[in-house]
K.L.:
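Quick one: structure below, then a few questions.
A note on names: the letters A, B, ... follow the listed sequences, proteins ahead of strands, and every chain is numbered from 1.
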2 protein chains.
Amino acid sequence: MYYSRDNMAGLLRSHDINPTHQRIEIAHALFSRQEHLSADQVMAIVNTRHSETSKATVYNTLKLFLEKGLVREVIVDPSKVFFDPNTSPHHHLYEVDTGKLSDIDAEHVQISGLPPLPAGMVTEGIDLIVRVRRTG
Amino acid sequence: MYYSRDNMAGLLRSHDINPTHQRIEIAHALFSRQEHLSADQVMAIVNTRHSETSKATVYNTLKLFLEKGLVREVIVDPSKVFFDPNTSPHHHLYEVDTGKLSDIDAEHVQISGLPPLPAGMVTEGIDLIVRVRRTG
DNA sequence: CCGGGAGTTAGACAAAGTCCAGATTGCTGA
DNA sequence: TCAGCAATCTGGACTTTGTCTAACTCCCGG
């Protein structure tokens, strides 16, 4: 199957990341379920059976994945960062009352009329977040 | 002049906020300079001469201003929330290396092709953040 | 002058994230 | 096989942002 731990090792290697046991577990947590997880949630998933991976390693690894372009950071909640295993261009729908975060495919979304950037600046990314709430 | 402390009292009253000394100072900090400030920065500004306003009051007041629609929350930095005295529709330009946050006028920006919302949901707001970095 | 409610306060607390020095791991070359 | 070494991992102390609470102050009506 696509998301086996063995394939994780390959995925990591192809992104120039030395595939250690902990890194494979963290990658597996993120990629086997296609969800947006916070560092906390990754910790919880990885350490379900018995404590295996320290907090420091989870944070280090997520930062490493970020640098290597394996995941994306999504900043929607003031209290925690989410990590998104989907790096293809897309936007986000955030349910403010439940904290649920889902993807909006970028394919049909058009953003036009943005002013030119100040000189000497490059775009690092454009984040579009639709904040929604349940009626009532 | 427009941003005197006296006018702050009027502004607060017109938004159904009891204008206390501390609230006027905080409003003045936000509206006299048209900048995006974090709670920390507001604290620092308000307490420059001598300590006048407690942390709790700054947070309470900013939350109150938010509820009353006097300011807007901008979530771009994973470590802190910015408060935006400009409530007219606009987007943001965030310089990731310096932390500087500025406005992009919404007038000419068009966002089209967003999928329909899930049933029973209302949009609370659409945040568009352009993250930029200095070349080099 | 007094009582009460709104507002403020200091400081304890919570949660997310960082940092560091020491311990582990897994090579590599002999 | 084994010592040496660099990379990685670890627990725990620490920092920062923000929340909570119980006591205090201020002001207003009577």
K.L.:
Can you list every ring pair (Phe, Tyr, Trp, His ring centres under 6.0 Å) pair that touches residues 26-75 of chain B, not counting sequence neighbours?
P.N.:
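Of all non-adjacent pairs touching residues 26-75 of chain B, those that pass ring pair (Phe, Tyr, Trp, His ring centres under 6.0 Å) are B/His36-B/His92.
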K.L.:
Could you tell me which non-hydrogen atom of B/Ser88 sits nearest to which non-hydrogen atom of B/Arg72, and how far apart they are?
P.N.:
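Nearest heavy atoms, B/Ser88 then B/Arg72: O-NH1, 3.6 Å.
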K.L.:
Under the rule for side chain to side chain donor-acceptor pair (under 3.5 Å), what residues qualify as partners of A/Gln41, not counting sequence neighbours?
P.N.:
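Applying side chain to side chain donor-acceptor pair (under 3.5 Å) to A/Gln41 gives A/Ser38.
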K.L.:
Between B/Asp77 and A/Ile75, does the side chain to side chain contact (heavy atoms under 4.5 Å, CB included) criterion hold? Intermediate values first, please.
P.N.:
CA-CA 7 Å; B/Asp77 184 302; A/Ile75 302 166; over 6 Å; no
K.L.:
Taking transitive links into account, so neighbours of neighbours count too, which hydrophobic residues share a cluster with B/Leu93 at under 4.5 Å side-chain distance?
P.N.:
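Members other than B/Leu93 - counting any ILVMFWY side chain reachable under 4.5 Å - are A/Leu93, A/Ile104, A/Val109, A/Ile111, A/Leu114, A/Leu117, A/Met121, A/Ile126, A/Leu128, A/Val130, A/Val132, B/Ile104, B/Val109, B/Ile111, B/Leu114, B/Leu117, B/Met121, B/Ile126, B/Leu128, B/Val130, B/Val132.
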K.L.:
Donor-acceptor pairs under 3.5 angstrom involving side-chain atoms of residues 13-21 of chain B: please list them, not counting sequence neighbours.
P.N.:
unit_1  : atom_1 : unit_2  : atom_2 : d
B/Ser14 : OG     : B/Leu11 : O      : 2.8
B/His15 : ND1    : B/Lys68 : O      : 3.3
B/Thr20 : OG1    : B/Arg23 : N      : 3.2

K.L.:
Among residues 76-86 of chain A, which ones have heavy-atom contacts with DNA chain C below 4.0 Å?
P.N.:
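Close to the strand are A/Ser79, A/Lys80, A/Val81.
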K.L.:
Atom pairs under 3.5 Å, N or O on each side, protein against nucleotides 22-28 of chain C: can you list them with distances?
P.N.:
none

K.L.:
Just how far is it from atom CD1 of A/Ile26 to atom CG of A/Leu12, taken to the nearest 0.5 Å?
P.N.:
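So the gap between those two atoms works out to 10.0 Å.
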K.L.:
Look at the side-chain N and O atoms of B/Thr20 and state whether any lies under 4.0 Å from the OP1 or OP2 oxygen of C/dT8.
P.N.:
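True: B/Thr20 side-chain N/O within range (under 4.0 Å) of C/dT8 OP1/OP2.
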K.L.:
Taking only residues two or more places apart in sequence or in another chain, which ones pass side chain to side chain donor-acceptor pair (under 3.5 Å) with B/Glu35?
P.N.:
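Per chain and number, B/Glu35 pairs via side chain to side chain donor-acceptor pair (under 3.5 Å) with no residue.
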K.L.:
Between C1' on D/dT8 and CD1 on A/Ile26, what's the gap in Å once rounded to a whole number?
P.N.:
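For the pair A/Ile26 CD1 and D/dT8 C1', the rounded distance is 12 Å.
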K.L.:
Applying side chain to side chain donor-acceptor pair (under 3.5 Å), name anything that partners B/Gln110, two or more places apart in sequence or on another chain.
P.N.:
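Once residues adjacent in sequence are excluded, B/Gln110 has no partner under the side chain to side chain donor-acceptor pair (under 3.5 Å) criterion.
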K.L.:
Tell me which residues in residues 43-68 of chain B lie within less than 4.0 Å of DNA chain D, going by non-hydrogen atoms.
P.N.:
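By residue number: B/Lys55, B/Ala56, B/Tyr59.
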K.L.:
Sequence neighbours excluded, which residues qualify as side chain to side chain donor-acceptor pair (under 3.5 Å) partners of B/Glu73?
P.N.:
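Partners of B/Glu73 under the side chain to side chain donor-acceptor pair (under 3.5 Å) test: none.
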K.L.:
With rounding to the nearest 0.5 angstrom, report the CG to CG distance, A/Leu30 to A/Asn86.
P.N.:
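Answer rounded to 0.5 Å: 12.0 Å.
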K.L.:
What's the separation between atom OG1 in B/Thr57 and atom CD in B/Glu52, rounded to the nearest 0.5 Å?
P.N.:
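With rounding to 0.5 Å, OG1 (B/Thr57) is 12.0 Å from CD (B/Glu52).
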K.L.:
Mind jotting down which residue pairs meet the salt bridge (charged side-chain N to carboxylate O under 4.0 Å, His left out) criterion with at least one end in residues 118-132 of chain A? Sequence neighbours excluded, please.
P.N.:
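Listed once each, the pairs are A/Glu124-B/Arg133, A/Asp127-B/Arg131, A/Arg131-B/Asp127.
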K.L.:
Using OP1 and OP2 only, check whether a side-chain N or O of A/Asn18 sits under 4.0 Å from D/dA7.
P.N.:
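Answer no for this pair, as no side-chain N or O of A/Asn18 is under 4.0 Å from OP1 or OP2.
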K.L.:
Without decimals, in angstroms, what is the distance between B/Arg13 CZ and C/dA6 C1'?
P.N.:
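Distance, rounded to whole Å: 16 Å.
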K.L.:
Please list, pair by pair, any protein nitrogen or oxygen found under 3.5 Å from a nitrogen or oxygen in nucleotides 24-30 of chain D.
P.N.:
none

K.L.:
Map A/Ser38 and B/Ile17 onto DNA chain C by nearest heavy atom, then report which one ends up closer to the 5' terminus.
P.N.:
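The residue whose closest nucleotide sits nearer the 5' end is B/Ile17.
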K.L.:
What is the distance from CD1 of B/Ile75 to P of C/dA16, rounded to the nearest Å?
P.N.:
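It is 15 Å, rounded to the nearest whole Å.
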